[in-house]
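One structure is given below, encoded as structure tokens.
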Amino acid sequence: MFLALFSVACEREARVTGSSLPESTPSADTTDVRAGATAPLSPDPRAREYEGNAYHVGEGARHYEEFNCITCHAHGGGDIGPALIDTNWAYGGSIEQIVATITQGRPNGMPSFRNLMTPTQIWETAAYVRALAGQLARDVPPSRSDTMSNGEPLTLKPGQPAMNSDGIDPQGLK
Amino acid sequence: MKRRRPLVGLLGGCVLSGCEGAQSAADPAGRHAELTAGLFLIFLGVAGVFLLAVVVFLIIAAMRRKSPLSEMTLGRMLTVWGGSIAVGLSVLTLASYFTDRGMATYASTSTSSTLRIKITAQQWWWNVEYLSDNPSQRFHTANELHLPLNTAAHIELTSDDVIHSFWLPNLAGKQDLIPGRTTDIDILPTRTGMFRGQCAEFCGMEHALMALQATVETPAQFAAWRAASLQPAHEPATALEVAGRDYFMRHPCVACHTIGGTEANGVIGPDLTHIASRRSIAAGTLPNTLGHLEGWIADPQTMKPGNRMPVIDIAPAELHAVSAYLASLK
């Protein structure tokens with residue numbers, strides 16, 4: 001019983017430094033990029049791996065800064081790019097859809113990071129973006145911000161359904 | 001007694017050989033380290049004299065079988081003992097004071113001009129920038145410090161993430177590198193040679209593999225190295241090198257690394273403009289050979305787990321080309 005509890009806690013903190021899952025898993029490189037797309041991508045086995053691990057989300061926070069996401073999206077509040085902390089997702093709010101958005105780029109300014117980041121880095125960044133929007137389990141995101149912040153820590157952010165820009169929950173959870 | 005001599009000689013030899021080396025505070029090659037080593041020897045000497053005196057006194061006391069000493073003799077002995085403590089402490093205090101004054105002034109009293117260097121520590125490597133008032137004379141390197149002999153180098157230290165500590169035992173240190181503020185240290189090398197430095201403040205997973213290589217050379221050699229470092233990167237000469245450069249520029253390498261004279265100008269990872277001229281890769285983890293370079297690019301996370309270089313899904317032919325290109329960047 002105790003051993004089982006320990007192993008649960010370890011999974012959250014495990015530092016997977018190499019790639020534990022094959023990066024060559026076919027991921028949808030071309031999806032419906034129409035704003036308000038409702039069809040969610042098929043679930044990817046990597047989603048749980050990255051979304052449920054504190055180390056990956058922490059690394060994502062670092063990529064978010066180093067790859068200049070801040071320039072357009074600020075620290076999640078949005079600036080010349082859309083906000084990432086609300087429930088509106090023009091191109092879908094599942095991690096698979098966010099990975100596709102970062103990889104392919106989107107019209108009106110979102111560049112493609114396909115040749116600037118490795119797949120691992122993109123998945124980690126997407127997991128952190130989900131954390132910004134309060135989409136992850138509360139024990140996963142970092143409890144302290146690396147930057148100056150007067151907001152609540154991500155661990156206290158209430159979970160919200162991810163909706164597309166029409167206010168429809170594409171996963172039918174609403 | 002004769003039989004013991006080889007043993008004593010062997011022990012003494014072992015102790016002395018421990019003092020020499022590329023990473024030893026007891027083998028100073030810089031003013032700061034000389035002062036530290038001198039102070040250490042004075043403390044060792046004074047403490048040794050007192051230890052010897054106490055041991056001799058105890059042996060005499062234990063072997064004595066006569067009547068107790070008179071009041072007067074005891075009083076005299078106490079005066080001598082108290083006096084020697086006062087003298088010993090004065091020597092230590094004065095030695096500390098003059099060492100401290102020496103450390104505070106050696107850089108400003110050195111006659112030659114001062115070299116300015118900025119070191120930014122990151123998990124887990126050293127970003128070294130040679131500063132100059134003339135922007136065209138500035139350049140970056142990584143995990144390597146070249147210093148001209150008998151010239152004071154003023155080193156500004158800061159960190160991008162957590163607290164690290166700068167320590168080149170043969171030359172100077174330690175001095176902490178603290179995120180959000182700048183500390184500094186002066187190095188005045190007094191002997192040429194290669195010396196190894198090491199992060200001296202636990203800074204995460206790969207703290208142990210965060211080394212800094214210092215080369216003290218003659219001013220002429222240093223000037224030549226500096227001039228070479230200011231040059232843009234070597235243009236690829238063979239088809240393989242051209243293919244390597246093209247791969248580098250079109251893949252995630254380009255987002256983090258700079259190669260002077262090309263479109264690669266990332267600032268997250270080490271500057272690779274003259275990587276082939278450096279002695280080691282990954283902050284002293286591996287000697288800089290083509291084989292190690294290929295191994296590192298293929299799987300950096302096995303050689304130095306947790307470091308910031310991601311695993312890239314790279315095909316063998318591409319790996320070979322990129323490694324050849326990087327190995328040509330002399």
Side-chain angles (χ1 to χ4, degrees), chain A residues 13-27 29 44 46 49-50 53-71 99 102-105 110-128 142 144-149, chain B residues 120 122-125 127 159-163 178-180 203-207 209 245-258 262-270 282 285 295-316 318-319 322:
Chain A
E13 280 291 346
R15 293 187 170 208
V16 185
T17 53
S19 48
S20 63
L21 287 162
E23 293 296 355
S24 50
T25 305
S27 98
D29 259 10
D44 192 298
R46 283 171 285 188
E49 175 85 6
Y50 286 98
N53 182 280
Y55 178 65
H56 283 316
V57 175
E59 291 290 282
R62 208 166 50 76
H63 303 321
Y64 187 88
E65 192 153 328
E66 289 179 348
F67 287 94
N68 268 337
C69 309
I70 287 162
T71 312
V99 166
I102 298 172
T103 309
Q104 300 163 14
M110 174 75 188
S112 158
F113 284 85
R114 182 181 283 121
N115 291 333
L116 294 171
M117 300 169 85
T118 64
T120 303
Q121 290 176 324
I122 293 178
W123 277 91
E124 288 173 340
T125 310
Y128 176 67
R144 281 191 315 181
S145 168
D146 285 345
T147 51
M148 282 189 289
S149 166
Chain B
T120 309
Q122 303 190 14
Q123 285 175 323
W124 291 273
W125 60 286
N127 188 353
S159 165
D160 263 3
D161 34 50
V162 298
I163 299 177
I178 302 162
C203 59
M205 272 172 107
E206 295 303 341
H207 163 66
L209 293 181
R245 188 205 39 202
D246 291 349
Y247 180 91
F248 190 98
M249 299 303 162
R250 287 174 195 152
H251 287 84
C253 325
V254 75
C256 295
H257 294 289
T258 293
T262 72
E263 62 200 89
N265 55 6
V267 292
I268 298 166
T285 307
W296 173 257
I297 297 167
D299 191 1
Q301 295 298 335
T302 300
M303 309 215 172
K304 194 171 171 181
N307 86 85
R308 303 305 196 203
M309 170 106 167
V311 177
I312 320 163
D313 195 11
I314 187 167
E318 293 164 336
L319 173 65
V322 170

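Numbers restart at 1 for each chain; the letters A, B, ... are given by sequence-line order, proteins then strands.
A:Phe67 is not listed as a side-chain neighbour of B:Pro252, based on a closest heavy-atom distance of 4.5 Å or more.
Contacts of B:Cys253 with chain A are absent, with no heavy-atom separation under 4.5 Å from either backbone or side chain. In this structure, the portion of A:Gln121 lying under 4.5 Å from any heavy atom of chain B is its side chain and not its backbone.
Considering CZ of A:Arg62 and CD1 of B:Ile268, their distance stands at 8.0 Å, rounded to 0.5 Å. Rounding to the nearest 0.5 Å places CG of A:Asn115 at 6.0 Å from NE2 of B:His251.
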**Request:** Begin from the C-alpha positions of A:Thr118 and B:Val311 and carry the test side chain to side chain contact (heavy atoms under 4.5 Å, CB included) through to its verdict.
**Result:** CA-CA 8 Å; A:Thr118 64; B:Val311 177; over 6 Å; no
